[in-house]
Protein chains: 2
Amino acid sequence: MCAKQIKPLSHGLKQKGHRSTRQRQIILEEVQKRASHPNATEIYEAVRRRIPNVSLGTVYRGLGLLAELGLIRRLEQDGSARFDSNLSEHYHLICTQCKGIFDIDTSILEKLNTHGLEADGFEINGLKLELHGLCPSCGNAASD
Amino acid sequence: MCAKQIKPLSHGLKQKGHRSTRQRQIILEEVQKRASHPNATEIYEAVRRRIPNVSLGTVYRGLGLLAELGLIRRLEQDGSARFDSNLSEHYHLICTQCKGIFDIDTSILEKLNTHGLEADGFEINGLKLELHGLCPSCGNAASD
DNA sequence: GTCGGTGCAAACACTTTGCATACCT
DNA sequence: AGGTATGCAAAGTGTTTGCACCGAC
């Protein structure tokens, strides 16, 4: 009982009849290793350092499955997918200059009012809020 | 004061040395005509009904220019660009079922607290907040 | 052994771009 | 007239998919 063996993957996968494979393990590890919200190509290259002949298709399928199972989060930036292993509720700040994505925790709402973010060195000049849910007609259809 | 002749396009364009063309006029009109946040293909097809041999490239270039000049807003949904002629500050609700995009005005923040949106028939189950601005390192670099 | 996963390459969807011609100013 | 905008088609980018083989269970 020494080496800490994390097994959230096989657990999560097998529940739904999916298999735990070396590729999926490593894809998950590589996403978790980065706080940088990597895109599929970045993960592909990282995985390829460990499994040289892994295919890009496998990485895309793996990332998609992990996101579907809720083991990672899928973001979208500049029209391409990015992935985040931070599952806690948080928001993102996108730097308009370097295009970096920074995690901002939910206390942002307080900070926005108190100018706390400026104290943290961030300079906010716009925000985009998307609500996800059901519109009236889909909501009604669902309850038929 | 009968026929309302809107001329924001030529005004906006010429300021920066761009030309006012039939294609751009019609592209703008077609975006303004829709509250549905159309994508480039939808606009292309609408424009093509009026200028049958317009090219998709022209539509993309036109939409990009109009967005750059601030005459329309560019959104991003499911990895493809969408356009919105509603320039007032507002947010979006994306229906998880029909994928429709609905405009929500800024009083949403109040409504979120008071469950006012539910009264409007929307069922919210997630939100995505993106802040846009400068991260500490880009902010510092800019002030050098 | 079975059935889902992988590697590979082709196909896809969306968008951008190079170039000769057309047209706005 | 001069230079920007257009039409057309090709190229680019990011992502998905079909299929034969491979490997987890």
Side-chain angles (χ1 to χ4, degrees), chain A residues 7 9-28 30-31 37-69 71-72 74-83 99 101, chain B residues 7 9-28 30-31 37-69 71-72 74-83 99 101:
Chain A
K7 282 207 176 187
L9 178 60
S10 56
H11 180 248
L13 287 172
K14 290 181 191 165
Q15 283 186 333
K16 306 219 180 183
H18 298 289
R19 293 175 183 173
S20 175
T21 63
R22 183 162 141 68
Q23 284 85 344
R24 287 171 180 173
Q25 297 271 8
I26 290 178
I27 290 166
L28 178 59
E30 292 297 333
V31 176
H37 309 86
N39 61 22
T41 304
E42 272 172 84
I43 295 301
Y44 169 57
E45 282 166 5
V47 173
R48 203 160 52 146
R49 271 177 238 122
R50 299 172 62 184
I51 309 179
N53 68 331
V54 73
S55 79
L56 187 54
T58 294
V59 171
Y60 270 102
R61 280 184 282 222
L63 289 168
L65 179 64
L66 294 173
E68 198 181 301
L69 295 175
L71 294 165
I72 60 178
R74 178 198 289 268
L75 314 175
E76 198 180 291
Q77 188 58 24
D78 281 326
S80 80
R82 294 181 159 270
F83 299 87
K99 306 294 178 194
I101 303 177
Chain B
K7 280 210 175 184
L9 178 59
S10 56
H11 180 248
L13 286 173
K14 291 182 189 164
Q15 283 187 332
K16 307 219 180 184
H18 298 288
R19 291 176 182 171
S20 175
T21 63
R22 184 163 141 69
Q23 284 84 344
R24 286 171 181 173
Q25 298 271 8
I26 290 177
I27 290 166
L28 178 58
E30 292 296 334
V31 176
H37 309 86
N39 61 21
T41 304
E42 272 173 85
I43 296 301
Y44 169 58
E45 280 165 6
V47 174
R48 202 160 53 148
R49 271 176 238 122
R50 300 171 63 183
I51 309 179
N53 68 332
V54 73
S55 78
L56 187 55
T58 294
V59 171
Y60 270 102
R61 280 183 284 223
L63 289 168
L65 180 63
L66 295 173
E68 198 180 302
L69 295 174
L71 294 164
I72 59 177
R74 177 198 289 271
L75 314 175
E76 198 179 292
Q77 189 57 25
D78 281 327
S80 79
R82 295 181 159 269
F83 299 88
K99 304 295 178 193
I101 303 178

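Every chain is numbered from 1 and lettered A, B, ... according to where its sequence line falls, protein lines coming before strand lines.
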Taking atom [atom2] of [N] as reference, at what distance in whole Å does atom [atom1] of [X] sit?
X	N	atom1	atom2	value
A/E68	C/dG5	CD	P	11 Å
A/I26	D/dA24	CD1	P	12 Å
A/Q25	D/dA24	CD	C1'	12 Å
B/L65	C/dT15	CG	P	17 Å
B/E76	D/dT13	CD	C1'	14 Å
B/L63	C/dC14	CG	P	14 Å
A/R24	D/dC22	CZ	C1'	14 Å

For [X] and [Y], work out which heavy atoms get closest and say how close.
X	Y	value
B/Y44	B/S55	CE1-C, 3.7 Å
A/H18	A/R24	CB-NH1, 3.9 Å
B/I27	B/T58	CD1-O, 3.9 Å

**Prompt:** Between B/L66 and B/V31, does a side chain to side chain contact (heavy atoms under 4.5 Å, CB included) hold up when you go through it step by step?
**Reply:** CA-CA 10 Å; B/L66 295 173; B/V31 176; 5.7 Å; no
**Message:** Between the base of C/dT25 and the side chain of B/R19, is there a donor and acceptor pair under 3.5 angstrom?
**Reply:**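 Per atom types, no contact qualifies.
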**Request:** Classify the nucleic acid contact of B/S20 as base, sugar-phosphate or nothing, counting any heavy atom under 4.0 Å across all strands shown.
**Result:**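 Sugar-phosphate: the residue B/S20, judged by heavy atoms under 4.0 Å, touches backbone atoms but no base.
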Inter-residue atom distance [X].[atom1] - [Y].[atom2], 0.5 Å rounding:
X	Y	atom1	atom2	value
B/I101	B/L75	CD1	CG	5.5 Å
B/L63	B/N39	CG	CG	9.5 Å
B/L56	B/E45	CG	CD	9.5 Å
B/R82	B/E42	CZ	CD	6.0 Å

**Asked** When you match B/T21 and B/A40 each to their closest nucleotide on DNA chain C, which lands nearer the 5' end?
**Response**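 This one resolves to B/A40.
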**Request:** Using atom types as modelled and distance alone, determine if a side-chain donor or acceptor of B/R74 lies under 3.5 Å from a backbone N or O of B/A67.
**Result:**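 Judged by distance alone, no pair lies under 3.5 Å.
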**Asked** Has the side chain of A/E76 got a donor or acceptor atom that lies under 3.5 Å from a matching backbone atom of B/G79?
**Response**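 A pair under 3.5 Å: yes.
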**salt_bridge(A/E30, A/R50) N-O dist < 4.0 Å** =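 Judged by the 4.0 Å cut-off on N to carboxylate O distance, A/E30 and A/R50 do form a salt bridge.
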Taking OP1 and OP2 of [N], is either one under 4.0 Å from a side-chain nitrogen or oxygen of [X]?
X	N	answer
A/Q23	C/dG7	yes
B/H18	D/dT4	no
A/R22	C/dG5	no

**Message:** Which nucleotide wins on minimum distance to the side chain of A/S80, given the candidates C/dG5, D/dG2, D/dG14?
**Reply:**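 Of the options given, the side chain of A/S80 lies nearest D/dG14.
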**Item:** Contacting residues from residues 43-54 of chain B, given that a heavy atom lies under 4.0 angstrom of DNA chain D
**Value:**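 Only B/N53, B/V54 qualify.
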**Message:** Rounding to 10°, can you tell me the angle the first-five-pair axis of the helix from C/dG1-D/dC25 to C/dT25-D/dA1 makes with its last-five-pair axis?
**Reply:**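 Rounded value for the end-axis angle: 40°.
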Considering only nitrogen or oxygen atoms on both sides, find all protein atoms under 3.5 Å from nucleotides 16-18 of chain D and state each distance.
unit_1	atom_1	unit_2	atom_2	d
D/dG18	O6	A/R61	NH1	3.4

**Message:** Can you tell me which residue among B/V47, B/V59, B/V54 is in a side-chain contact (heavy atoms from CB on, under 4.5 Å) with B/I26?
**Reply:**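 Checked B/V47, B/V59, B/V54 against B/I26; only one passes side-chain contact (heavy atoms from CB on, under 4.5 Å): B/V47.
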